[in-house]
Protein chains: 2
Amino acid sequence: MDMIINRLSHYADIGATQFQTLSSLSHRIETRQAGEDIVIEGEVVDYVFIIESGWAIRYRLLDDGRRQIMNFMLPGDCFDLMSLTKSASDHNVSAASEVVLRRIKATDFFNAIRGDSCLSLAFWWVAIQEEAILREQIVRNGRLSAKERLGNLILELNRRLSISTGRQDNSVAIPVTQNHLADALGLSSVHISRSMGKLSREGYIAVESWGIQILNRDALAEMAEFDDRYLQTPKLSF
Amino acid sequence: MDMIINRLSHYADIGATQFQTLSSLSHRIETRQAGEDIVIEGEVVDYVFIIESGWAIRYRLLDDGRRQIMNFMLPGDCFDLMSLTKSASDHNVSAASEVVLRRIKATDFFNAIRGDSCLSLAFWWVAIQEEAILREQIVRNGRLSAKERLGNLILELNRRLSISTGRQDNSVAIPVTQNHLADALGLSSVHISRSMGKLSREGYIAVESWGIQILNRDALAEMAEFDDRYLQTPKLSF
DNA sequence: CGGCCCATTGAGCCAGTTCAAAAAGGGTGG
DNA sequence: CCACCCTTTTTGAACTGGCTCAATGGGCCG
């Protein structure tokens, strides 16, 4: 709950009232082990999920088993805001690490939001940012080299995590395998390992067992063509 | 105007009232030559644009000149529905062929929509579909081979065009260069030419000067892993 | 007819892949 | 605390899809 509140506070003036509205929504807390499904392709979803901890992935499987991860969903992210329309999902969502979710009936959620223009605005921003993240993924995978892609993704994850924890720091604890990174970046896991080594040898990052330490953010950002403007969302009011 | 109405009719029961509401919105019709900008990165946009004819592209340029096209915008498409938030655009939009646009003040547009639940629903669907198209682009460019990517894109364009013209047919008139296709698919233009030749030699398509004729849709769809469910949006009401 | 833009073709190259094997963790049960 | 197993990461070697560079060909317009 903290995570999502931190995020929303970036977009609008969230106060005790809004906190109250959100936390009083009837919900269920559920845990999924790494690899377990959350939403299956074709399923009609009428829930909104908020990730409390762990990382989830949104992905598609091709006929021959190839997998493309569209994006990572981190603590404080919510989906599917589009579920109001009760349409069949065209992709899967599953837990990439152990994940704890808050599950809220879509109708309840939207009724609560509708009544509070401040919350509406904040979730409107959430949707805009989600789309910006998708666009960024297209650019990353379309025109960057392996080293650039990985560096760029590391910076995005760091930035997003720091928004929802509210703490700026230079590390990214990565609870998923290199295979996940590979399927997100359109590369092979072997090449992720090699690129990780290269970024490390060149002094951009330090690779630890729990994740990554960013050693030289500016140099990394420049090399990886990372510009975090797409994650910055000025606070405005209606 | 026909195009957008055709599209919206797929999502909700658009009638004379809605047509009236949309067409009475004060607007300007503008023409852009191929290559001219429509929205520049960093600019704050407070207009909603509807494409009347021609194709536009949404893209990003990297420091060294590499370009990634995020998606093509076809007649009947509208952008930026997100402009209500008055934030700086994180990408460019420009005309890929000669384009005729209808430009509407964002506030007017949203006020008109707000008052009509049927139109609200229809534009809500437009936004959902836009996001689905972005996700599809990620899968295409992330995990498909050149031949598959091109085939897949051809089918998407055909499908989208047939929704807005209201006429199902097996051709795609392509008003943009192979360079545009290359920058959309994350390939080189040379390789687009080769892949086009291959698709043609293998009997999937016929390449004409004005565009492409789809000769064997089913085989092409299977080969290119194309499943048009993401473009289908059941008609529902609130 | 000449110029320009775009598409096509050929040849060589390279980033990233595949396959395979070894090394490093990280539980779990005895 | 050790022994074992299973998953993940790392490394090596050979291969290949798509790239680059460069030349040729076609269409269209003035």
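Chain A is the first sequence line, chain B the second, and so forth, proteins listed ahead of strands; every chain is numbered from 1. Computation of the quantities below employed the complete heavy-atom set of this structure, encompassing side-chain atoms and omitting hydrogens, waters and symmetry-equivalent molecules.
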Can a donor-acceptor pair be found between the side chains of A/Arg140 and A/Gln137 at a distance below 3.5 Å? yes

Given C/dT8, is OP1 or OP2 found less than 4.0 Å from the side-chain N or O atoms of B/Ser193? yes

Gap between atoms CZ and C1', on B/Arg143 and D/dG17 respectively (whole Å): 14 Å

Mind calculating the distance between CG (B/Leu181) and C1' (C/dC6) to the nearest angstrom? 12 Å

Separation of A/Asn179 atom CG from D/dT9 atom P, in whole Å? 8 Å

Can you tell me the distance, in whole Å, between the NZ atom of A/Lys198 and the P atom of C/dA15? 8 Å

A/Met196 CE - D/dT8 P separation (whole Å): 14 Å

Spacing of A/Trp210 atom CH2 relative to C/dG26 atom C1', expressed in whole Å: 18 Å

Hey, can you tell me if A/Tyr230 and A/Phe226 have their rings parallel, tilted or perpendicular (30° and 60° cut-offs)? perpendicular

With a non-hydrogen cut-off below 4.0 angstrom, is A/Ser145 in contact with a base, only sugar-phosphate, or nothing? sugar-phosphate

Distance check needed: C/dA15 P versus A/Arg149 CZ, whole Å only. 13 Å

Mind checking whether A/Phe123 and A/Phe109 have parallel, tilted or perpendicular rings, split at 30° and 60°? perpendicular

Side chain of A/His191, heavy atoms from C-beta onward: which of D/dA22, C/dT17, C/dG26 has the nearest atom to it? C/dT17

Within the pair A/Gln178 and D/dT7, is there a side-chain N or O less than 4.0 Å away from OP1 or OP2? no

Counting the atoms with a prime plus P, OP1 and OP2 as sugar-phosphate, which does A/Leu187 contact under 4.0 Å by heavy atoms, base, sugar-phosphate, or nothing? sugar-phosphate

How many Å lie between CD1 on B/Ile192 and P on C/dT9, as a whole number? 15 Å

I want to check one thing: is the phosphate of D/dC19, taken as OP1 and OP2, less than 4.0 Å away from some side-chain N or O of B/Ser188? yes

Exercise: identify the closest heavy-atom pair between B/Gly151 and B/Ala224: C-CB, 3.8 Å

Could you check which of D/dT11, C/dT9, D/dG18 has an atom nearest any side-chain atom of B/Arg194? C/dT9

To the closest 0.5 Å, what do you measure between OG1 (B/Thr177) and CG (B/Asp183)? 8.0 Å

